[in-house]
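The block underneath contains the structure these notes are about, expressed in structure tokens.
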Amino acid sequence: MDLKLTNKKVLVLASSRGIGREIANRYAEEGASVIITGRNEDTLKKTAAELSNQTGSEVIPFVTDVSKKEDIARLFAFVKEQFGVLDVLVSNAGGPPVIDFESSEETDWYDAFELTLMSAVRAMKEAISLMKTNGQGRILYIASTSIKEPISELLLSNIFRSGVQALCKSLAADYAANDILINIVGPGKIDTDRLRSLDEKNAEKNQVALEVWKNKVQASIPIGRYGTPEEFADAAVFLGSYRNTYVTGQTLLIDGGVVKAY
């Protein structure tokens, strides 16, 4: 299926590895020019070179910490300089850390607020301004299944990602008439560095071997295994493409059937 992304200008936040990287790869495979971002310059440049070589498309790295207001401002100045327009924004950020509620500090909450909620607010505000000028746009927010069912060890994610879901739902109605379609995709257990880190912490916490813990978790997934970043991107990018012309304000969970909520 042609996703109508050839020569489109795409920005994917937090995309040097994991789900963000694979989504950037999918856009590049579809013929889009892509700006990718991350905090580690060496990793980011390596990823950009690999994706460009694999796809033949333009993939441009720009070092950005999405939790910092000034970095988002610098990034969008670069987008305007490089592209002039923006057709697609993929708003993504690394998940906030695991905390214990009773021992948490206020700085934990403020840091998660900046990383998870305000990164999306700032990026979407900048993107929508460009997209209105362009007369069209697609915004895809990478959330978590926690927006449908809270995940016990991810309190900060549960709270702030739900806030971004409310933001997206509100903005989708506000900007539909501008042909700016805004949707949310929530990964379940996708085999990334973050999931591996959580597995290690949970195995240690429950005093079981890592493989024992992983087997237990995978047995709880109706499909019976972890998903791959490639599978996630295959499902997600349609919503953030120009083949999608009538879906907006929606949430799609890509979780192998784990979440039972309607």
Side-chain angles (χ1 to χ4, degrees), residues 12-27 66 90-99 112 115-117 119-120 139-169 172 182-206 208 210-241 244 247-262:
V12 185
L13 303 183
S15 45
S16 63
R17 57 183 184 171
I19 286 172
R21 174 192 169 114
E22 192 52 44
I23 286 179
N25 183 50
R26 283 289 181 271
Y27 278 108
V66 297
V90 180
S91 181
N92 184 36
V98 175
I99 63 163
L115 173 66
T116 308
L117 179 59
S119 67
I139 295 176
L140 190 65
Y141 174 64
I142 310 303
S144 163
T145 58
S146 65
I147 60 178
K148 288 289 188 179
E149 286 185 354
I151 299 172
S152 60
E153 69 269 23
L154 297 180
L155 182 60
L156 295 172
S157 178
N158 296 342
I159 292 168
F160 291 113
R161 290 197 193 282
S162 295
V164 185
Q165 182 188 30
L167 171 71
C168 291
K169 190 71 172 177
I182 304 171
N183 290 288
I184 305 155
V185 283
K189 300 293 186 181
I190 307 298
D191 191 12
T192 61
D193 289 343
R194 176 165 169 80
L195 178 61
R196 293 178 203 121
S197 175
L198 289 172
D199 277 345
E200 289 171 3
K201 289 176 182 176
N202 282 316
E204 182 179 353
K205 178 181 176 181
N206 289 275
V208 297
L210 178 58
E211 285 305 311
V212 171
W213 176 259
K214 288 173 62 177
N215 289 339
K216 178 183 177 181
V217 174
Q218 291 185 85
S220 71
I221 301 170
I223 285 183
R225 60 174 175 80
Y226 291 158
T228 68
E230 293 82 3
E231 288 175 309
F232 182 86
D234 284 341
V237 169
F238 166 78
L239 289 174
S241 77
N244 171 27
V247 180
T248 194
Q250 301 305 308
T251 299
L252 173 66
L253 300 187
I254 304 169
D255 68 347
V258 168
V259 173
K260 304 301 190 295
Y262 287 107

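Being a predicted model, the structure only gives us computed values, none of them experimental.
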Can any side-chain N or O of [X] pair as donor or acceptor with the backbone N or O of [Y] at less than 3.5 Å?
X	Y	result
Ser197	Arg194	no
Asn158	Leu154	yes
Thr248	Ile182	yes
Asn183	Leu140	no

- Message: Suppose we screen for side chain to side chain donor-acceptor pair (under 3.5 Å). Which residues come up paired with Ser144, at least two apart in sequence or across chains?
- Response: Ser146
- Message: Under the rule for side chain to side chain donor-acceptor pair (under 3.5 Å), what residues qualify as partners of Gln165, not counting sequence neighbours?
- Response: Thr251
Nearest-0.5 Å distance, [atom1] of residue [X] to [atom2] of residue [Y]:
X	Y	atom1	atom2	value
Leu253	Glu149	CG	CD	9.0 Å
Tyr141	Ile147	OH	CD1	8.0 Å
Thr228	Ile190	OG1	CD1	7.0 Å

Non-hydrogen atoms of [X] and [Y] that approach each other most closely:
X	Y	result
Ala14	Ala93	CB-CA, 3.9 Å
Thr145	Gly188	CG2-CA, 3.7 Å
Gly20	Val12	O-CG1, 3.7 Å
Leu115	Gly94	CD2-O, 3.1 Å
Lys260	Val258	NZ-O, 3.0 Å
Gly186	Phe232	C-CE1, 4.0 Å

[Y] side chain reached by [X] side chain, heavy atoms, under 4.5 Å:
X	Y	value
Ile23	Ile142	yes
Pro187	Ile19	yes
Thr116	Leu156	no
Pro229	Thr192	yes

- Task: Quick one: list whatever passes side chain to side chain contact (heavy atoms under 4.5 Å, CB included) with Val208, sequence neighbours left out.
- Result: Ala203, Asn206, Val212, Trp213
- Query: Among all residues two or more places apart in sequence or in another chain, which pass the salt bridge (charged side-chain N to carboxylate O under 4.0 Å, His left out) test with Arg196?
  - Reply: Asp191, Asp193
- Query: What residue pairs, at least two apart or across chains, pass salt bridge (charged side-chain N to carboxylate O under 4.0 Å, His left out) with a residue in residues 231-240?
  - Reply: Arg26-Asp234, Arg225-Glu231
Donor-acceptor list for residues 214-224 side chains, cut-off 3.5 Å, not counting sequence neighbours:
from   : atom 1 : to     : atom 2 : distance (Å)
Asn215 : ND2    : Glu211 : O      : 3.2
Gln218 : OE1    : Tyr226 : N      : 3.2
Ser220 : OG     : Val217 : O      : 2.5

